[in-house]
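Throughout, protein chains are lettered first and strands after them, A, B, ... in sequence-line order, and every chain is numbered starting at 1.
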Protein chains: 2
Amino acid sequence: MFYHPTGPGSTFVHRSVTLRGMTSSGPPPSVPYEASDGRTGLSLTSCTERRLRADAERNRTRLLEVAAGLAAERGAANVTMESIAAAAQVGKGTVFRRFGDRTGLMLALLDHHERQLQAAFLTGPPPLGPDAPALARLRAFGPAVMRHEHRHSDLYLAAQGAPDRRYSTSPHELRLTHITMLLRRTKVPGDVELLAHILLGFLDTGLVHHLLTQRGMCLERLEAGWNDLVDRLGART
Amino acid sequence: MFYHPTGPGSTFVHRSVTLRGMTSSGPPPSVPYEASDGRTGLSLTSCTERRLRADAERNRTRLLEVAAGLAAERGAANVTMESIAAAAQVGKGTVFRRFGDRTGLMLALLDHHERQLQAAFLTGPPPLGPDAPALARLRAFGPAVMRHEHRHSDLYLAAQGAPDRRYSTSPHELRLTHITMLLRRTKVPGDVELLAHILLGFLDTGLVHHLLTQRGMCLERLEAGWNDLVDRLGART
DNA sequence: ACATTAAACGGACCTCGGTCCGGTTGCCCT
DNA sequence: AGGGCAACCGGACCGAGGTCCGTTTAATGT
């Protein structure tokens, strides 16, 4: 259970100033993933934002910088919360107040990369972006995510601490919505919502990493598998 | 890294005496999941078995009993290793020497249930068992696993502590082999090995639990989704 | 300027998983 | 029988995540 999770501070979907976006879900377990705006059909932040105090904002930034540095130099898995606090010359409590827990911090670290990916399939060029037909986008989506996760695998791995919390993060939520939308547009038959979950299951960081490193599969094979899967699902019954 | 993992003591696939089966993989990361025997095409234990000393065996049994009791009364997630040791009147070190880590203990606890499930689809009656056509078995497999995991969800959840280790457990390995075999027999086209991983991804305890409890889906829906998926994959291109 | 207050701060503290090592004991071999 | 030894035992110990609470401070209103 949490103590005072002022949200992971990750807006993820906003394109505006990175300084103010503060998701502050009150009680921990409630992640209201409803909502949707007209433009992209995607919106997550629970809008109960709360401006950070100046010193808090400063600390937050410094913490993220320091954390990124440490993660880069010794691997995300080998960075302790205490070392981050120490390196940022800040009390341990401050770290936890800001990011809730280790997962939250990692998620916040990922925020930058995540935005990049999101921009790619939300507003980027075809075949990922909105100017391509839905099926093509769907096909491109898998490989894009896989490559992305593979490139930052240590961070993504470190960001999925909890066993169940894995499916309640902003990135996951967003991908889910996106994939669902694409499936709808592709007129894929069947339980679209469920299908989206299944497809995303394939893109799970842990699984991809496992297949790549333990099973000796290569990215190309996974991509081919994705395309094949999408094609077969897309076929009308 | 491990210290002295005398294996989780789970044989899982053996039907013989439960007392001696001791998988003791020397170095931790090597889980040689090769092998296969003529009868079922399934075999896992790395065969470097080592008979336990009498007192060790006694302790192991008592630990499992006690652990099961505690898990039943207060939920697997709320059982600490120390409390188990204390309740079994044994030092903490003993617990870890025997089961390696928390995950190992949980896995060992699961062993019993797991055997049951395995027996069902390895030697049980149709449609799960060997006397049914492969496609029917495949269809029956998903729901069976889902129901099973759902029934013991707290244990299964607790058993997948590590982020990556999830895909290297005996149960997972066995299911993988089984599903692969069924896919082959069903003459499903495409990358069968990869498909098996994807299908198993759907059956992931965490995902099932999430869909059931957070997304408000019901078991029937998941089962229907599984059947639909299998059917569509089975269709020839 | 100053009072007020909610938010932020820091670090002592707690818990729990996991490790180490000095002492003990079951097992095998002669 | 008894000696040697590997396996086993217990519990002190450690590190890391997470919490609590007394103190400080930035923002806001007068």
Problem - Donor-acceptor contact present, side-chain B:Thr61 to main-chain B:Glu57, <3.5 Å - result: yes
Problem - Gap between atoms CG and C1', on A:Asn59 and C:dA7 respectively (whole Å) - result: 13 Å
Exercise for the section: Verify, without hydrogens or angle tests, whether B:Thr177 (side chain) and B:Glu173 (backbone) share a donor-acceptor contact under 3.5 angstrom. Expected result: yes
Fill in the blank from the handout: When rounded to whole Å, the NZ to P distance for the pair A:Lys92 and D:dT19 reads 11 Å
Practice task
Look only at the side chain of B:Arg98 and the backbone of B:Arg60, and say whether a donor-acceptor pair between them is shorter than 3.5 Å.
Solution key: no
For residues 202-213 of chain A, which side-chain donor-acceptor pairs fall under 3.5 Å, sequence neighbours excluded?
unit_1	atom_1	unit_2	atom_2	d
A:Asp204	OD1	A:Arg166	NE	3.3
A:Asp204	OD2	A:Gly206	N	2.9
A:Asp204	OD2	A:Leu207	N	2.9
A:Asp204	OD2	B:Tyr167	OH	3.2
A:Thr205	OG1	A:Glu149	OE1	3.4
A:Thr205	OG1	A:Glu149	OE2	3.2
A:His210	NE2	A:Arg215	NE	2.9
A:His210	NE2	A:Arg215	NH2	3.4
A:Thr213	OG1	A:His209	O	2.8

Practice task
Can you check each nucleotide of nucleotides 24-30 of chain C against protein heavy atoms at under 4.0 Å and return B for base, S for sugar-phosphate only, - for none, in 5' to 3' order?
Solution key: -BSS---
Handout entry: Value in whole Å for how far the C1' atom of C:dC20 lies from CZ of B:Phe96
Key = 13 Å
Completion exercise
note: A:Leu70, atom CG; D:dA16, atom P; distance rounded to Å ~ 13 Å
Practice task
Report yes if at least one side-chain N or O of B:Thr80 is closer than 4.0 Å to OP1 or OP2 of C:dC16; otherwise report no.
Solution key: no
Handout entry: Atom-pair distance (CZ on A:Arg97; P on D:dG17), nearest Å
Key = 17 Å
Handout entry: Under 3.5 Å: donor-acceptor pair, side chain of B:Thr94, backbone of B:Val90
Key = no
Practice task
May I have the distance from A:Arg98 (atom CZ) to D:dG18 (atom P), rounded to whole angstrom?
Solution key: 16 Å
Problem - First encountered from the 5' end of DNA chain C, between B:Val79 and A:Thr94 - result: A:Thr94
Practice task
Verify, without hydrogens or angle tests, whether B:Thr123 (side chain) and B:Ala119 (backbone) share a donor-acceptor contact under 3.5 angstrom.
Solution key: yes
Handout entry: Between C:dA8 (P) and A:Arg62 (CZ): distance, integer Å
Key = 15 Å
Fill in the blank from the handout: Rounded to whole Å, the CE-C1' distance (B:Met81 to C:dC16) equals 10 Å
